[in-house]
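In what follows, every chain begins at residue 1, and chains take the letters A, B, ... in the order their sequences are listed.
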Amino acid sequence: MTTIPLGRGRRIAPYAHGIWPLVVPALVVTAALIVIPIAYSIALSFSGLGGIGSGFTMANYERMFADPVFWQSVQITFFLFAVCMIIQMILGVGLGYLLSVDVPGRRILQGAILIPAITASVAVGLLWLLFYDPTLGTANQLLRAVGLENIVWLGDPAIAPWALIIVDTWQWTPFVALIVSAGIRSLPADVFEAAGIDGAGGWKMAWHIGLPLLAPVLTVAMLLRTVDLVRFFDLAYIMTQGGPVNATNTLNLYGYRAAFINQDSGYAATLQITLFVFVIIAAAVFTFIRKRFTIEY
Amino acid sequence: MNTGKRIVGGIAAAGIVISLAACSSDSGGDSSGDGGPVTLNVLLNGNAIGTNIEAMTDAFEDSHPDITVNVQVLAEQQMRDKEQLNLQSRSNAMDVYMTLPSREGPLFQASGYYEPLDDYAAGAEDGFLDGFSTIAIDGMKVDGATVAMPMNVEGPIMYYRTDLFEEAGIEVPESIDDLLSAAEALESSSDGSYVPITLRGQADALAYDFGAFFHAEGLDWVTDGEPNFTDPKAIEAIDQYATLASEYGPEGVINYSFNESTNLFASGGAAIELESSNLLPTIIAPETSSVIDTTGIATMPGGAPSILSWGLAMSPFSENKDASWEYIEWATNYDTQLETALLGIAPPRDALYEDETYTASLDTPLKQQWSEALQYLLTDGETEIGPVSQQAPEIRKIIGDGVGTVILGTATAEEAAQSIQDQISPLITE
């Protein structure tokens with residue numbers, strides 16, 4: 001087959017060079033919807049009070065690094081990210097294993113447990129807001145029924161982040177479990193049979209064979225949850241508005257507040273670009289891990 | 001066809017697609033420049049004012065057959081988000097919108113988001129401007145320009161349970177000290193089924209109630225460009241507010257805004273509620289309230305509550321400005337405001353408080369008390385909900401967070417006052 005040289009050893013098949021006109025609309029749409037807004041936000045973050053065109057300045061970034069609320073929001077974001085990730089992966093793997101076992105009604109159960117993940121976060125937030133109500137909510141009624149004291153779930157800065165973690169875990173653990181379950185069911189049976197013949201027990205097989213083989217699946221689940229968790233917004237927005245006293249003010253929520261409540265677009269762009277960098281770094285780390293620990297079989 | 005021609009062809013095709021898309025994105029409706037049919041896009045808040053105006057808009061269309069009105073009603077923050085998206089992008093897709101000049105007025109005006117209405121109002125029908133309360137009209141002015149027309153008046157008032165006051169043997173409190181004593185007495189006489197008081201604890205919303213405590217100490221928010229939070233009287237106001245909330249308020253009061261407080265009071269869970277005059281219809285809603293016959297209304301203790309008005313503004317990017325004004329004029333004229341007043345919206349026109357139809361509708365002692373409290377607001381209310389600044393929302397949150405730390409017990413009133421002072425000083429002087 002003849003090829004057209006593209007420089008530095010890259011080649012393209014002859015039928016392919018005619019596709020460029022067809023690719024142009026996709027490129028234009030991609031640029032309009034992704035590249036231009038990001039470029040605009042970057043430009044805005046380096047602009048003064050007069051907006052884009054008012055000159056280059058680092059003032060927004062200097063302000064951000066000196067802003068205690070920013071650092072607090074970063075801390076809260078990574079706290080929620082780390083705790084949710086650990087809990088959801090542990091529970092997700094356990095639940096995923098149970099879902100992978102063939103029992104009557106497994107498919108119905110698989111569908112049912114996915115309901116929280118496909119429910120709109122606004123509805124989930126409002127539902128849990130009622131559940132957590134200090135006076136009338138079911139959560140405290142349950143506590144009182146077993147003789148425990150009321151908890152002010154969303155009104156105590158030390159408890160409110162944990163209250164959000166419970167909701168996020170309730171909503172997204174089944175999603176992780178479903179991915180894990182599909183991964184377990186696709187594992188090669190012969191490897192486990194061989195290990196069984198060699199005398200390996202259930203735990204050894206799970207730890208030394210199952211988990212390493214599942215690593216690519218787990219990292220995909222972690223990658224998907226990472227992108228969501230670093231951008232933690234909807235539940236905090238609905239349930240606490242970042243309070244009490246900024247205790248659940250995630251970076252994404254702080255950026256939203258800067259843009260739409262404080263109407264400070266330059267600072268909001270700076271916060272959101274910083275969040276964007278965090279998401280890119282987190283995604284890159286998990287992509288690297290996935291490639292590094294993938295075992296071909 | 002060679003590659004070059006294909007590329008040119010592709011770019012041309014893409015250009016046509018983009019051009020068509022650009023044409024279709026111009027959603028400003030029909031042009032009014034030729035005097036033909038006009039479509040107005042109106043964005044309203046989902047509170048009682050906005051929903052009532054939406055319901056009455058058919059009457060406007062009937063009397064203006066050349067104008068079609070598309071009304072969109074959204075919850076307050078979502079409405080504000082959409083307004084800003086339209087205004088920041090200089091879109092003609094929104095002609096008329098609801099605004100709170102006491103909150104976003106200075107920033108919107110500085111950003112050029114208001115069409116000045118003085119000339120339109122001067123050219124309105126005879127008598128249109130007559131009878132508006134001075135305080136309501138002044139509240140619609142920013143830097144001397146009228147930026148909106150008032151749709152209502154509202155402010156914090158005190159709802160209280162007459163039966164529980166009687167049980168506790170207390171009178172209606174007139175000062176903040178009286179209020180603290182009343183809360184203490186109610187706490188003593190409570191069987192645990194209610195809390196003495198509910199009020200706002202949510203950071204963004206707290207200044208609305210807290211202002212009355214601050215002004216009751218004889219303080220203005222700012223003097224000569226400097227906030228007054230380190231004044232001993234301000235510290236006293238913070239301490240009083242936080243004491244009421246933390247010692248006599250409901251659990252989780254730090255997250256309370258008007259919805260939470262009003263639901264609690266209407267269900268019989270609080271003896272006193274400090275909340276907006278707008279909430280009366282919810283408090284006495286037959287389907288949800290258990291306190292219809294045992295509620296009384298009085299002015300806020302301390303004598304200096306805040307007052308504000310929602311306004312109807314015109315986008316400067318509207319291409320239908322004359323039609324937009326016709327809608328604003330209709331929505332805020334005497335007859336429309338009489339109709340909304342009969343539905344429970346406190347009118348911004350002094351004249352309406354003497355209108356026989358309106359006064360006849362105040363057919364219970366509770367409604368009469370409510371009307372008296374509103375008239376007090378119109379004469380003695382403070383129009384500054386927080387320090388006036390382009391950063392007003394941020395400043396109010398700082399005040400709310402500061403008082404919130406005292407409610408939670410993580411700071412003293414002195415520490416909170418100093419923190420508020422330090423944070424808002426640069427924002428006020430900007």
Discussion item. For B:Asp204 and A:Gln241, which I'm curious about, is there any donor-acceptor pair between the side chains at under 3.5 Å?
Written reply: no
Fill in: Contact origin within B:Glu83 toward chain A - heavy atom pairs under 4.5 Å
neither
Item to complete: Side chain from CB out, backbone as N, CA, C, O: work out which of these in B:Gln202 comes under 4.5 Å of a heavy atom of chain A, or both, or neither.
Response: side chain
Item to complete: Go through the atoms of B:Asp81 and report whether side chain, backbone, both or neither lie under 4.5 Å from a heavy atom of chain A.
Response: both
Worksheet item: Which region of B:Glu394, side chain (C-beta onward) or backbone (N, CA, C, O), has a non-hydrogen atom less than 4.5 Å from a non-hydrogen atom of chain A, or is it both or neither?
Response: both
Discussion item. To the closest 0.5 Å, what do you measure between CG (A:Asp264) and CG (B:Leu107)?
Written reply: 9.0 Å
Worksheet item: Say you draw a straight line from CD1 of A:Ile151 to CD of B:Glu251; how long is it, rounded to the nearest 0.5 Å?
Response: 10.5 Å
Fill in: Proximity breakdown for A:Ala32 and chain B, heavy-atom pairs closer than 4.5 Å
neither
Item to complete: Pick one of side chain, backbone, both or neither for B:Ile407, based on which atoms fall under 4.5 Å of a heavy atom in chain A.
Response: neither
Worksheet entry | Euclidean distance, A:Gln263 CD relative to B:Gln390 CD, rounded to 0.5 Å | 10.0 Å
Discussion item. Just verifying a value: how many Å separate A:Arg257 CZ and B:Lys397 NZ, rounded to the nearest 0.5 Å?
Written reply: 4.5 Å
Practice prompt. Would you name the heavy atoms of B:Gln77 and A:Phe260 that are closest together and state the gap between them?
Written response: NE2-O, 3.6 Å
Discussion item. Is A:Tyr132 close to chain B through its backbone or its side chain, or both, or neither, when contacts mean heavy atoms under 4.5 Å?
Written reply: neither
